[in-house]
Amino acid sequence: MTKGFTVTLAETGAHFTCPDGARVLIAMEKQGLRHIPIGCRGGGCGTCRVFIAEGAYRTRKMSRAQVSEEQERAGYALACRLIPESDLLLRLAGDGQGV
Amino acid sequence: MALTGVLRAGFVQLRVLEMDEALAHYIDRIGLDLVDKAADGRVYLKGYNEFDRHSIVLREADAPGLDVMGFKVARESDLDAFEKRIGDFGLTIDHVAAGEQPGVGRRIGLTLPSGHRIELYAEMARSDNGPITENPDIWRDDPRGMRALGFDHCLFYGPNVAEVSRFFTEILDFGLVEKVEAPVGPIAVWLSSSTKSHEVAFVDHPEPGKFHHVAFQLESWHDVGHAADLIARYNISRDIGPTRHGITRAQTIYFFDPSGNRNEVFAGGYSYFPDHPTRVWTVDQLGKGIFYYEKELNDRFLGVVT
């Protein structure tokens with residue numbers, strides 16, 4: 001089994017594995033899953049914004065128009081820029097439906 | 001000269017999150033040429049079919065989206081004439097000094113009722129890497145990546161589409177090529193200053209100043225297919241396509257740059273002349289207008305903007 005972390009959506013209990021070093025949204029889409037809405041996949045649009053309720057993680061640069069410094073400190077991130085460092089529990093906090 | 005006033009969409013300055021990733025995308029994948037990395041951090045690019053110094057300007061920032069779209073006018077005196085007409089329309093003009101972008105003359109700028117900044121300019125230095133003009137080969141160097149010829153148009157999302165359309169047609173002398181007409185008025189407009197099907201388009205959206213896409217011209221449907229192959233091979237973030245537009249009849253793919261700014265590669269489309277009537281779509285047929293084969297819009301195309 002690929003080394004990775006389990007990402008769980010708090011609302012539904014849906015979960016999937018994110019390989020070590022991979023971005024949550026990209027790993028999810030590669031498995032054909034749509035638990036988190038998919039937008040630009042580049043940290044720009046806010047469609048895949050989530051609140052990380054539990055777990056350790058790092059992020060790549062995200063649009064400040066979508067995640068302010070205060071929101072980032074409070075635990076919000078864009079799933080397309082979110083890299084787990086432990087298992088994660090997420091809540092959806094995005095702008096739109098995506099696809 | 002038959003074409004006067006505003007000639008064309010000349011440049012667009014976009015914000016990107018990480019410059020190195022953006023340059024790999026726009027140069028290696030789209031196929032633009034690097035013109036200059038300026039001391040202030042902005043990077044200037046152009047397509048191989050463009051005579052002017054640059055057409056795409058990238059600026060690293062903490063949020064992606066549009067800084068400004070520039071339209072080139074035929075003569076220096078046009079700037080003064082447009083400044084008066086824009087003032088009479090009730091919009092406030094500001095002035096950007098020559099050289100603020102390297103090689104570009106003075107610009108006049110304004111914020112549209114949709115929240116987008118546009119500028120007009122008459123002078124831009126000629127590229128030393130533009131199309132050959134004496135016994136010309138078709139290009140200097142093999143085109144790279146998607147083989148983009150150059151900057152084609154932008155589409156913006158914002159409020160007050162009817163007012164913006166009136167500004168472009170009455171003040172800048174654009175033609176209204178196509179529109180989507182709702183009972184409340186136009187909710188989307190495609191506007192041309194030339195014989196292209198459009199130089200700029202606007203779609204009604206509550207939040208002002210949003211950037212929907214920048215389009216690059218390709219030679220053919222075959223090149224659109226080649227671009228799709230590159231999108232698949234290099235895992236470029238795809239929105240939709242290859243497909244065709246009912247509006248403009250062009251062939252297209254939408255995808256995203258690494259900062260989430262939407263790109264389009266665009267081939268074909270009809271020629272527009274100022275005596276042509278406006279083609280009108282009803283809201284119930286908008287899906288067919290935007291995506292002619294699918295006949296429906298995807299939520300991502302409607303809602304995802306920077």
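Computed from heavy atoms alone, side chains included, the values below leave out hydrogens, waters and symmetry copies. Residue numbering restarts at 1 for every chain, and letters A, B, ... go by the order of the sequence lines.
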Does [atom1] in [X] sit with more than 12 non-hydrogen atoms of other residues, nucleotides or ligands closer than 6.0 Å?
{"X": "B:Y292", "atom1": "OH", "result": "no"}
{"X": "A:H15", "atom1": "NE2", "result": "no"}
{"X": "A:Y76", "atom1": "OH", "result": "no"}
{"X": "B:D284", "atom1": "CG", "result": "yes"}

### Query
Where along residues 62-71 of chain A does a heavy atom come under 4.5 Å of chain B, listed by residue number?
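Near chain B, by residue number: A:M62, A:S63, A:R64, A:A65.
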### Message
Distance check, rounded to the nearest 0.5 Å: A:K30 atom NZ versus B:N235 atom CG?
### Response
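With rounding to 0.5 Å, NZ (A:K30) is 6.0 Å from CG (B:N235).
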### Task
Please round to the nearest 0.5 Å and tell me the distance separating atom CZ of B:R300 and atom OG1 of A:T47.
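Answer for the CZ-OG1 pair, B:R300 versus A:T47, is 8.5 Å.
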#### Entry: Max heavy-atom pair count under 4.5 Å with chain A, selected residue of B:G303, B:A63, B:G65
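Heavy-atom pairs under 4.5 Å are most numerous for B:A63.
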### Minimum heavy-atom distance B:L17-A:G43, with the two atoms named
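Closest approach of B:L17 to A:G43, heavy atoms only: CD1-O, 3.8 Å.
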### Shortest non-hydrogen contact from A:G39 toward B:F256
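In terms of heavy atoms, the two residues are closest at O-CE1, 3.9 Å.
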### Query
Given a strict heavy-atom distance threshold of 4.5 Å, which part of B:R15 is in contact with chain A: side chain, backbone, both, or neither?
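Contact with chain A is absent: no heavy atom of B:R15 under 4.5 Å.
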### Task
Please look at B:P258 and chain A and tell me whether the side chain, the backbone, both or neither of the residue comes under 4.5 angstrom of a heavy atom of that chain.
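For B:P258, the backbone is the part near chain A, not the side chain.
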### Task
Would you mind listing every salt bridge (charged side-chain N to carboxylate O under 4.0 Å, His left out) that reaches into residues 36-47 of chain B, with sequence neighbours excluded?
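Passing the test, one end in residues 36-47 of chain B: B:D36-B:R53, B:D40-B:R42, B:R42-B:E100.
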#### Entry: Pair listing, salt bridge (charged side-chain N to carboxylate O under 4.0 Å, His left out) test, anchored in residues 49-62 of chain A, at least two apart
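Every salt bridge (charged side-chain N to carboxylate O under 4.0 Å, His left out) pair that includes a residue of residues 49-62 of chain A, provided the two are not neighbours, is A:R49-A:D95, A:R58-A:E85, A:R60-B:E18, A:R60-B:E21.
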### Task
Just jot down the side chain to side chain contact (heavy atoms under 4.5 Å, CB included) partners of A:C48, sequence neighbours excluded, or say none.
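Partners of A:C48 by the side chain to side chain contact (heavy atoms under 4.5 Å, CB included) criterion, ordered by chain and then number, come out as A:L25, A:I36, A:L78, A:A79, A:C80.
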